Amino acid sequence: MSDPRAGWSQGDRASAAGKLMLAWVALLWLLEVVDVATGHALDGFGVTPRDPSELVDVVPSPFIHFGFAHLAANTVPLLVLGFLAALAGLRRFLLVCALIIVADGLGVWLIAPAHTNTAGASGVIFGLFGFLLVTGFVERRPLGVLAGVLIAAVWGGSILAGLAPTQTGVSWQGHLTGLLAGVAAAFLFRRPVEAPGSLRPAP
């Protein structure tokens, strides 16, 4: 039995993180089913750059995808990276995701090519990658550093490819702003280094 003064056990955290990410991914698939059933009526929630009326779509755009293939490509990295990021605490995870979503959407609105429509969870994925990559170094936690190195080894190549401006049909602008937002979140929401033997509840 875990000490209640120490907050959640690792099992509790893993269970909560897993349930949250499964619910998130299930919501994305449900929305895509609705989108297809309505003749892609939800695609209009993507962000069209520098149109003031499109600012309201900054938040919903990461939850919309242009077809099941688009969504399938995002599902596994979102599920895995989101789960890993949420292990350290759901409250901080939600703050990190909120920052990434808003900053990424605004970045797309500002610098994406005119007359484009950008949507999908890839900006969040790049943001979570950036967050997990540097948070261990920022917080000086060896396990976090190791996790960042392993994540870079697994997804680093795909991340670099997604930042290439030469790809057609891919929003490298959204990927770049998402990545930068995730790195910024690692600094803004970093946890203080705890003294050995100290007890504090999980965030």
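What you are looking at is a predicted structure, and each value in this text was computed from that prediction instead of being measured.
Within the 4.5 Å cutoff, the side chain of Leu42 has no heavy atoms near those of the Phe63 side chain. Leu22 places none of its side-chain heavy atoms less than 4.5 Å from the side chain of Phe83. Looking only at side-chain heavy atoms (C-beta outward), Val36 and Phe68 come within less than 4.5 Å of each other. Counting heavy atoms from C-beta on, the side chains of Asn117 and Phe66 come closer than 4.5 Å.
A search for ring-ring contact (aromatic ring centres under 6.0 Å, His included) contacts involving Phe189 returns nothing, not counting sequence neighbours. Under the side-chain hydrogen bond (donor to acceptor under 3.5 Å, both in side chains) criterion, Ser53 pairs with Asp51, not counting sequence neighbours. Qualifying side-chain hydrogen bond (donor to acceptor under 3.5 Å, both in side chains) partners for Thr48, counting only residues two or more places apart in sequence or in other chains: none. Residues forming a ring-ring contact (aromatic ring centres under 6.0 Å, His included) with Phe187 (at least two apart in sequence, or on another chain): none.
Rounding to the nearest 0.5 Å gives a distance of 13.5 Å between OG1 of Thr118 and CD1 of Ile64. For the atom pair Trp155 CH2 and Leu128 CG, the distance stands at 10.5 Å (nearest 0.5 Å). With rounding to the nearest 0.5 angstrom, the CG atom of Leu78 is 5.0 Å from the CD1 atom of Ile125. In this structure, CG on Leu179 lies 13.5 Å from CZ on Phe131, to the nearest 0.5 angstrom. If you take CZ on Arg92 and CG on Leu87, they are separated by 10.5 Å, rounding to the nearest 0.5 Å.
Residue Val170 comes nearest to His175 through the heavy atom pair CG1-CE1, 3.3 Å, listed as atom of the first residue, atom of the second, then distance. Here the shortest heavy-atom pairing between Ala112 and Thr116 reads CB-OG1, 4.1 Å. The two residues Val124 and Pro62 have their closest heavy-atom pair at CG2-CB, 4.0 Å. Here the closest non-hydrogen pair linking Arg50 and Pro113 is NH2-C, 3.7 Å. Considering all non-hydrogen atoms of both residues, Ala186 and Val134 come closest at CB-CG2, 3.4 Å.
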Exercise for review: Evaluate the criterion side-chain contact (heavy atoms from CB on, under 4.5 Å) for residue pair Ile151 and Val80; output intermediate values, then yes/no.
Suggested key: CA-CA 10 Å; Ile151 289 167; Val80 174; over 6 Å; no
Review point. side-chain contact (heavy atoms from CB on, under 4.5 Å) between Asn74 and His65: does it pass, once the steps are laid out?
Key: CA-CA 9 Å; Asn74 285 337; His65 290 80; 3.2 Å; yes
Review point. For Trp24 and Leu28, what are the C-alpha separation, side-chain angles and deciding distance, and is it a side-chain contact (heavy atoms from CB on, under 4.5 Å)?
Key: CA-CA 6 Å; Trp24 187 336; Leu28 297 185; 3.8 Å; yes
Practice item. With side-chain contact (heavy atoms from CB on, under 4.5 Å) as the test, would you mind laying out the steps for Leu150 and Val154 before giving the verdict? Key: CA-CA 6 Å; Leu150 292 175; Val154 174; 5.5 Å; no
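Looking at Glu139 and Arg191, a side-chain N of the basic residue comes within less than 4.0 Å of a carboxylate O on the acidic one, giving a salt bridge.
Here Trp109 is tied into one hydrophobic group with Val47, Leu55, Val58, Val102, Leu106, Val108, Leu110, Ile111, each link being a pair of ILVMFWY side chains closer than 4.5 Å. Through direct or relayed side-chain contacts under 4.5 Å between Ile, Leu, Val, Met, Phe, Trp and Tyr, Leu160 connects to no other residue.
For the residue pair Trp172/Thr166, the side-chain donor-acceptor check at 3.5 Å is not satisfied. Using modelled atom types, one finds a donor on one side chain and an acceptor on the other under 3.5 Å when comparing Thr177 with Asp104.
The backbone N or O of Gly11 sits nowhere less than 3.5 Å from a side-chain atom of Ser15 that would complete a donor-acceptor pair.
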